[in-house]
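As the structure is a prediction and not an experimental result, all values here were calculated from the model. Each ligand, and each atom within it, is numbered from 1 in the order the structure gives. The basis for the numbers below is simple: all heavy atoms, side chains too, and nothing from hydrogens, waters or symmetry mates.
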Amino acid sequence: MKVAVFGLGYVGSVTAACLAANGHDVWGVDVDTAKVGPITEGHSPVVEPGLDELVAEGVTAGRLHATTDPRLALDGADVSLICVGTPSTSSGSTDLTYIRRAVRDIAEAARMVAPPASGFHSIVVRSTVPPGTVDDVVERVLAEVPDSGDFTFGTAMCPEFLREGSGLADFYDPPFVVVGTRNPKVGTALTDLFGFLPAEVQVVDVRTAEALKYACNAFHATKVSFANEMGRIFRYYGVDSREVMRIFVQDTTLNISPYYLRPGFAFGGSCLPKDLRSVLHLARLNDTDLPLLAGTLTTNELTVRDVVDRVVAGPGREIALLGLSFKTATDDLRESPSVELAERLIGKGYNLRIYDAIVNPSRLVGANLRHVRSKLPHLQRVLTADPVEALRGADLALVSATDSSAISALLTTPPARTIDLSGRLGTEVEALPGYEGVGW
Ligand SMILES: NC(=O)c1ccc[n+]([C@@H]2O[C@H](COP(=O)([O-])OP(=O)(O)OC[C@H]3O[C@@H](n4cnc5c(N)ncnc54)[C@H](O)[C@@H]3O)[C@@H](O)[C@H]2O)c1
């Protein structure tokens with residue numbers, strides 16, 4: 001393919017050199033001659049191990065070129081990869097000026113040069129941009145340019161995951177290759193371009209691809225701060241937290257794993273809230289702030305409050321709550337966020353009927369019966385043994401229960417509105433009119 005790469009910083013120069021090494025005819029474009037000059041002379045414009053050699057090879061082989069003139073790059077090109085900077089503004093928003101400019105440069109250059117043989121050109125954002133940028137910025141700029149000659153454009157987001165300092169190794173071994181597009185031709189072109197990489201090319205919704213990069217970086221930042229907060233508190237207790245974390249990461253079931261990373265409702269139960277409070281208490285004893293962990297409790301609280309607010313903002317006073325314990329397959333009600341939710345809604349005067357497969361009036365015995373009777377007497381009155389019974393006459397269902405009886409009750413007795421707190425209700429329930437995910 002002929003590939004134009006806009007922006008020859010860390011991402012663009014690595015991408016350009018690696019694609020040239022893979023046999024493509026690559027034209028790098030930058031507005032800054034300090035980036036273009038070194039490449040034309042066979043050097044890397046940025047410090048990145050191994051890149052100097054790869055640039056030299058590409059230039060010598062005649063497969064890698066650099067220019068300030070977008071027309072040279074666009075002439076007959078199949079794909080443009082936009083790798084320009086997307087810095088923060090003073091308010092923290094993302095400055096998309098360079099993205100707009102690059103898209104405009106592409107569209108205007110296309111008017112003056114020959115299209116590729118297919119006539120079709122993929123414009124692909126590799127820079128990190130907020131969800132909606134391809135739809136609302138890239139597409140809009142293209143629509144504003146009146147004439148792009150014989151080029152037909154398709155757009156996509158394909159985020160880059162390399163780290164500076166290991167850019168080449170990361171480029172060749174990415175965690176995933178994700179192409180967000182609704183244009184199948186762009187999906188095919190990028191599958192051809194990146195198909196040589198070890199990760200499978202996943203074609204997804206544009207906004208998913210845009211959000212994914214932010215999710216990754218927010219998580220990475222959280223990991224760093226988490227490890228640092230562990231160090232900052234436990235050092236007062238003579239603990240070497242490097243050793244703690246060395247062992248911590250060996251748990252690939254719950255610690256370093258997909259577990260606990262599905263959006264849904266608040267955490268709860270007999271351990272997480274209590275133990276988080278203990279760590280925060282240790283911090284207070286030592287005059288140490290742990291804002292990440294304190295913020296974790298705040299976020300959890302906001303998750304419950306958000307659902308209460310959504311209920312209050314909607315119509316109806318009859319509510320079915322399906323699922324009461326903090327997770328499925330347990331009858332432990334201690335610090336269940338669903339109990340908290342129920343108590344707040346009852347406090348606001350809503351009529352609740354609650355169904356839980358395990359916390360069931362007919363099954364409540366021993367310690368749990370005593371717990372419900374002593375701590376939650378008001379909930380005992382509204383517990384039903386049957387999900388259909390809970391749903392009868394309900395305006396709204398709040399659902400964390402995922403057992404088959406709850407699902408089939410929802411399908412046979414659907415309320416006007418369902419808020420899914422679990423994300424595991426299945427496609428049939430999600431297709432019901434009035435379905436809302438708690439965070440999707
Ligand atoms: N640096 C990283 O490790 C990394 C990793 C993944 C993703 N990203 C993202 O990739 C994007 C680029 O990052 P970077 O670190 O390579 O940026 P950078 O600042 O090193 O390079 C950006 C380049 O774009 C050029 N440019 C600006 N407008 C242009 C235009 N209209 N036409 C051509 N060139 C233009 C600039 O002159 C500059 O050389 C950012 O969105 C960044 O968030 C960066």
Side-chain angles (χ1 to χ4, degrees), residues 3-19 26-40 43-51 55 65-74 77 79-89 92-110 123-131 133-134 137-138 141-142 145 156-178 180 194 197 199 209-221 224:
V3 181
V5 177
F6 285 79
L8 293 170
Y10 292 91
V11 168
S13 55
V14 168
T15 305
C18 290
L19 290 178
V26 181
W27 285 73
V29 184
D30 205 295
V31 290
D32 185 354
T33 50
K35 296 286 173 46
V36 171
I39 295 187
T40 48
H43 300 295
S44 168
V46 296
V47 177
E48 188 61 48
L51 188 55
V55 168
H65 322 262
T67 176
T68 54
D69 185 349
R71 290 170 300 182
L72 295 178
L74 251 283
V79 177
S80 285
L81 300 175
I82 300 180
C83 305
V84 299
T86 50
S88 285
T89 67
S93 68
T94 310
D95 183 352
L96 297 174
T97 310
Y98 305 118
I99 295 279
R100 280 194 196 88
R101 166 85 192 274
V103 177
R104 186 168 283 277
D105 288 348
I106 292 167
E108 287 179 349
I123 300 180
V124 182
V125 177
R126 292 286 273 170
S127 306
T128 305
V129 294
T133 300
V134 169
V137 176
V138 175
V141 171
L142 288 177
V145 177
M157 171 71 188
C158 179
E160 172 57 61
F161 294 96
L162 65 77
R163 296 160 296 170
E164 287 169 25
S166 55
L168 293 192
D170 290 347
F171 181 89
Y172 284 120
D173 189 16
F176 18 64
V177 179
V178 172
F194 292 122
L197 294 171
E210 290 169 325
L212 177 67
K213 176 68 187 181
Y214 283 109
C216 289
N217 279 353
F219 187 51
H220 299 166
V224 172

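Closest to atom 21 (O) of ligand 1, if we only count protein heavy atoms, is G9 CA, 3.3 Å. Closest to atom 16 (O) of ligand 1 among all protein heavy atoms lies V11 N, 2.8 Å. For atom 42 (C) of ligand 1, the nearest protein heavy atom (residue, atom name, distance) is T128 OG1, 4.1 Å. Closest to atom 22 (C) of ligand 1 among all protein heavy atoms lies G85 N, 3.5 Å. Scanning the protein for heavy atoms near atom 23 (C) of ligand 1, the closest one is D30 OD2, 3.7 Å. The single protein non-hydrogen atom nearest to atom 29 (C) of ligand 1 is V84 CG1, 3.5 Å, given as residue, atom name and distance. Closest to atom 32 (N) of ligand 1 among all protein heavy atoms lies V31 CG1, 3.9 Å. At the shortest separation from atom 24 (O) of ligand 1 among protein heavy atoms lies G7 CA, 3.4 Å.
Atoms of ligand 1 found under 4.0 Å from any heavy atom of K35 (numbered from 1 in listed order, with element): 38 (C), 39 (O). Near C83, with a cut-off below 4.0 Å to any heavy atom, the atoms of ligand 1 are 12 (C), 22 (C). Under a 4.0 Å criterion applied to the non-hydrogen atoms of D32, ligand 1 contributes the atoms 37 (O). Below 4.0 Å from some heavy atom of D105 lie the following atoms of ligand 1, by number and element: 31 (N). For ligand 1, the atoms sitting less than 4.0 Å from at least one non-hydrogen atom of L162 are 3 (O), 5 (C), 6 (C), numbered in the order shown with element in parentheses.
Interatomic distance, CD of E160 versus CG of L81, reported as 10.0 Å (0.5 Å rounding). Note that CZ of F171 and CG of L19 are 4.5 Å apart. Values are rounded to the nearest 0.5 Å. A distance of 5.0 Å separates OH of Y10 from CD of E164, quoted to the nearest 0.5 Å. In this structure, T15 OG1 and F194 CZ are separated by 6.5 Å, a value rounded to the nearest 0.5 Å. Between atom OG of residue S80 and atom CG of residue D105 there is a gap of 10.0 Å, rounded to the nearest 0.5 Å. Between the CZ atom of F6 and the CZ atom of R126 there is a distance of 15.5 Å, given to the nearest 0.5 Å.
The 12-atom threshold is exceeded at CZ of F176, counting heavy atoms of other residues, nucleotides or ligands nearer than 6.0 Å. Within 6.0 Å of the CZ atom in R71, the count of heavy atoms belonging to other residues, nucleotides or ligands does not exceed 12.
Note that atom 19 (O) of ligand 1 has no protein non-hydrogen atoms nearby, at separations under 4.0 angstrom.
Contact annotation: for E164 versus ligand 1, heavy atoms closer than 4.0 Å belong to both the backbone and the side chain. Residue P159 does not touch ligand 1, judged by heavy-atom distances below 4.0 Å. Neither the backbone nor the side chain of V129 comes within contact range of ligand 1; no heavy atom lies under 4.0 Å.
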